[in-house]
Asker: 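One structure, pasted below without further comment.
All chains are named by letter (A, B, ...) in the order of the sequence lines, taking the proteins before the strands, and each is independently numbered beginning at 1. Bear in mind that the values here come from a model prediction, so they are computed numbers and not experimental data.
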Amino acid sequence: MNRIDQLFSTKGQNILNIYCTAGYPALHDTVTIVEALQQSGADMVELGMPFSDPLADGPVIQDSSTRAIANGMRISVLFEQLKDFRSKVTIPVVLMGYLNPVLQFGVENFCRACAEVGVDGLILPDLPMDEYENEYRPLFEQYGLHLIFLVTPETTEARIRKIDSLSKGFVYAVSSSSTTGKNKDMTGQEAYFARLKAMGLKNPVLVGFGIRDKGTFQAACASSNGAIIGTAFVKAIENSTNLQADIAGFVKGILA
Amino acid sequence: MDIAVNTSQSKYHVNEKGYFGNFGGAYIPEMLYPNVEELREQYLQIMADPAFQQEFEQLLKDYVGRPSPLYFASRLSQKYGAQIYLKREDLNHTGAHKINNTIGQILLAKRLGKKRIIAETGAGQHGVATATVCALMGLECVVYMGSVDIQRQAPNVARMQMLGATVVPATSGSKTLKDATNEAIRDWINNPVDTHYIIGSVVGPHPYPDMVARFQSVISEEVRKQLLEKTGKETPTYVIACVGGGSNAAGAFFHFTDEDEVELIAVEAAGKGVHSGFSAATSQLGRPGVIHASKTLLMQTEDGQIVEPHSISAGLDYPGVGPFHAHLYESGRAVFLNSTDNEALAAGYELSLLEGIIPALESAHALAKLADLPLKKDEVVVVCLSGRGDKDLETYIKHLK
């Protein structure tokens with residue numbers, strides 16, 4: 001059973017998923033951070049594969065990507081780093097990235113490498129639904145990799161249903177129409193979350209974009225299965241000299 | 001005038017799925033889906049509306065000054081031993097072909113009920129053309145421009161500001177056109193309801209490459225009529241145009257793609273030399289991939305990171321090429337040549353002295369290839385003179401010595 005499905009079958013609420021760019025702040029921090037997140041009580045980790053032109057991200061995640069690329073991070077290096085991480089890490093890990101680096105790596109090679117190291121899912125915001133359905137779906141299923149699609153407040157109900165039917169693991173509900181790290185006001189979004197809840201989707205829903213502290217995390221959890229924190233975490237470890245302690249402190253600040 | 005709404009029968013134009021051969025599509029995050037989908041559903045219908053066409057034609061005629069002349073360049077023709085015609089897009093209002101597209105898109109934005117316009121710009125020509133039409137229609141205008149380009153194209157920044165636009169520097173990455181485009185896309189993600197994004201070239205997600213090509217197709221439509229008048233034949237032997245993203249070339253090639261006897265020559269910027277590491281010759285250095293939401297040829301590392309290009313001309317300083325051109329390249333329908341910075345500068349000086357026309361550095365790349373073609377005396381050559389060179393004076397003068 002995929003670890004994402006396992007997680008949601010045992011814990012349906014208040015899921016905390018933390019995003020971090022792989023190879024940041026230093027190239028070999030990746031696995032250290034994933035381990036520390038698990039120890040601190042995070043339920044899931046989303047590892048960003050850095051891209052030179054991350055359109056859906058704001059300046060904080062773009063800067064972390066630029067730094068990670070300069071550090072020498074690339075997809076082949078990431079899989080090398082993740083080679084033995086499953087001997088220490090049991091929580092689900094999903095990779096997030098943009099389509100072009102995955103295309104250049106080769107989609108099948110990529111899926112195979114994910115399965116080999118124990119990656120559970122993938123978020124590719126610029127992969128069109130039709131292309132996934134017509135070209136890549138059998139590959140993803142063959143390698144047991146869950147593809148997670150995004151929905152936004154502007155997504156129509158018919159499209160949400162289609163996205164839900166193609167998504168596996170969970171649906172990523174973008175909290176507002178924005179790039180990451182925008183801190184748009186979350187009030188007034190209850191209607192959107194309520195609408196999602198009322199639709200009775202087959203997948204659990206995690207809320208992302210703009211979740212940055214205990215208050216926003218709890219607000220998101222009130223009407224979904226949990227939330228994803230990215231920009232705030234990336235900022236928190238930017239200049240860290242003690243990753244374990246800083247990560248424990250950050251997660252405690254959200255969950256305590 | 002007809003703005004080419006019914007031309008999809010050409011195998012080189014876009015298909016019903018938004019692809020030119022293997023290239024194109026809409027590789028957009030979900031946050032952009034409603035905006036792009038709204039446009040995709042409506043653009044052809046709006047463009048086909050007789051009231052829209054009438055307004056578009058009227059503005060092109062009375063405001064832009066179209067048709068732009070097709071000028072027989074006799075001294076240039078003598079020098080290169082052919083019948084050389086210049087399509088004078090430099091004589092348009094604002095000094096380049098860019099305004100053909102911005103007029104079309106601003107009329108479209110109004111019909112979509114948009115209140116705010118955003119754009120990216122490299123050399124500043126598209127930014128000026130966008131600021132101009134926003135002033136004309138009384139719409140708010142925000143232009144994203146790489147901070148490096150803001151430095152090297154200061155006069156155009158001042159023009160945009162005088163026209164009431166806000167110019168926002170893009171400070172990420174190479175701080176040039178690609179980064180300005182990223183910032184504009186991000187703005188659109190954050191302002192999905194009231195804002196229309198006027199992309200300046202035949203790049204971006206479907207329907208942009210097709211829509212911009214259709215608005216620019218007025219160039220080749222006029223060329224056919226003008227050639228018939230001047231030479232008795234609608235088709236030339238060669239059409240030559242420079243290609244960065246490729247909007248003037250798309251317009252100049254549009255109505256000639258199905259006539260194989262017309263040689264289409266696309267000229268890219270080789271910078272300091274194709275293999276110097278300072279180049280923007282995408283067809284020579286690129287591989288298929290996804291940039292700015294479109295599958296096309298792009299300059300990238302082995303890992304799929306987008307490479308920072310170089311050209312002396314800010315308008316050609318782009319690491320991709322529109323999917324229409326990627327298809328023309330892959331299918332062999334167009335020949336892709338390239339000119340170095342120095343060849344372009346020399347061609348700019350040559351046209352100034354032979355014809356009394358100072359061309360934009362972008363257009364000078366196209367002119368520079370006249371010397372490389374095996375021209376014959378009775379062959380008709382059309383060069384798309386996409387813009388005027390006033391904005392490049394400083395660069396020209398710096399290299400005079």
Asker: Is a side-chain N or O of A:Arg159 found less than 3.5 angstrom from the main chain of B:Pro34, in a donor-acceptor match?
Answerer: no

Asker: Just give me the residue among A:Ile75, A:Asn100, A:Leu127 that pairs up with chain B most often, heavy atom to heavy atom, under 4.5 Å.
Answerer: A:Asn100

Asker: Checking A:Asp63 against chain B: side chain, backbone, both or neither under 4.5 Å from a heavy atom?
Answerer: neither

Asker: What's the separation between atom OG in A:Ser52 and atom NZ in B:Lys178, rounded to the nearest 0.5 Å?
Answerer: 5.0 Å

Asker: Working to the nearest 0.5 Å, report the span between CG of A:Asp53 and CD of B:Gln305.
Answerer: 8.5 Å

Asker: Less than 4.5 Å to any heavy atom of chain A: does that hold for the side chain of B:Leu298, its backbone, both, or neither?
Answerer: side chain

Asker: To the nearest 0.5 Å, how far apart are CD in B:Glu302 and OG in A:Ser76?
Answerer: 8.0 Å

Asker: Is it true that, when you exclude B:Gln45 itself, more than 12 heavy atoms of the residues, nucleotides or ligands shown sit nearer than 6.0 Å to its CD?
Answerer: no

Asker: Side chain to side chain contact (heavy atoms under 4.5 Å, CB included) for A:Phe51 and B:Ile306? Distances and angles first, verdict last.
Answerer: CA-CA 8 Å; A:Phe51 181 49; B:Ile306 294 168; 3.8 Å; yes

Asker: When rounded to the nearest 0.5 angstrom, what distance separates CD1 in A:Ile69 from CG in B:Asp303?
Answerer: 8.5 Å

Asker: Can you tell me how far the OG1 atom of A:Thr152 sits from the OH atom of B:Tyr33, to the nearest 0.5 Å?
Answerer: 11.5 Å

Asker: Just wondering, more than 12 heavy atoms not from A:Tyr143 lying within 6.0 Å of its OH?
Answerer: yes

Asker: Check whether A:Glu154 gets within reach of chain B through its side chain, its backbone, both or neither, counting any heavy atom under 4.5 Å.
Answerer: both

Asker: Could you tell me which portion of B:Glu37 (side chain, backbone, both or neither) has an atom closer than 4.5 angstrom to a non-hydrogen atom of chain A?
Answerer: neither

Asker: Please classify the contact of B:Pro205 with chain A as side chain, backbone, both or neither, using a heavy-atom distance under 4.5 Å.
Answerer: neither

Asker: Above 12 or not: heavy atoms from other molecules or residues under 6.0 Å from NZ of A:Lys83?
Answerer: no

Asker: Flag the pair A:Glu131 and B:Lys295 as a salt bridge only when some basic side-chain nitrogen lies within less than 4.0 angstrom of an acidic carboxylate oxygen.
Answerer: yes

Asker: Quick check for you: to the nearest 0.5 Å, what is the distance between B:Ile28 atom CD1 and A:Asp126 atom CG?
Answerer: 10.0 Å

Asker: Please classify the contact of A:Pro50 with chain B as side chain, backbone, both or neither, using a heavy-atom distance under 4.5 Å.
Answerer: backbone

Asker: Say whether, by atom type as modelled, one donor and one acceptor occur between the side chain of B:Arg186 and the main chain of A:Gly58 under 3.5 angstrom.
Answerer: no

Asker: Go through the atoms of B:Val193 and report whether side chain, backbone, both or neither lie under 4.5 Å from a heavy atom of chain A.
Answerer: side chain

Asker: Considering all heavy atoms of both residues, which atom of B:Ile189 and which atom of A:Leu55 are nearest to each other, and what is their separation?
Answerer: CD1-O, 3.6 Å

Asker: Using a heavy-atom distance cut-off of less than 4.5 Å, which residues of residues 102-109 of chain A contact chain B?
Answerer: A:Leu103, A:Gln104

Asker: Run B:Glu30 and A:Val174 through side chain to side chain contact (heavy atoms under 4.5 Å, CB included) and show every step you take.
Answerer: CA-CA 9 Å; B:Glu30 187 61 26; A:Val174 174; over 6 Å; no

Asker: Please classify the contact of A:Ile163 with chain B as side chain, backbone, both or neither, using a heavy-atom distance under 4.5 Å.
Answerer: side chain

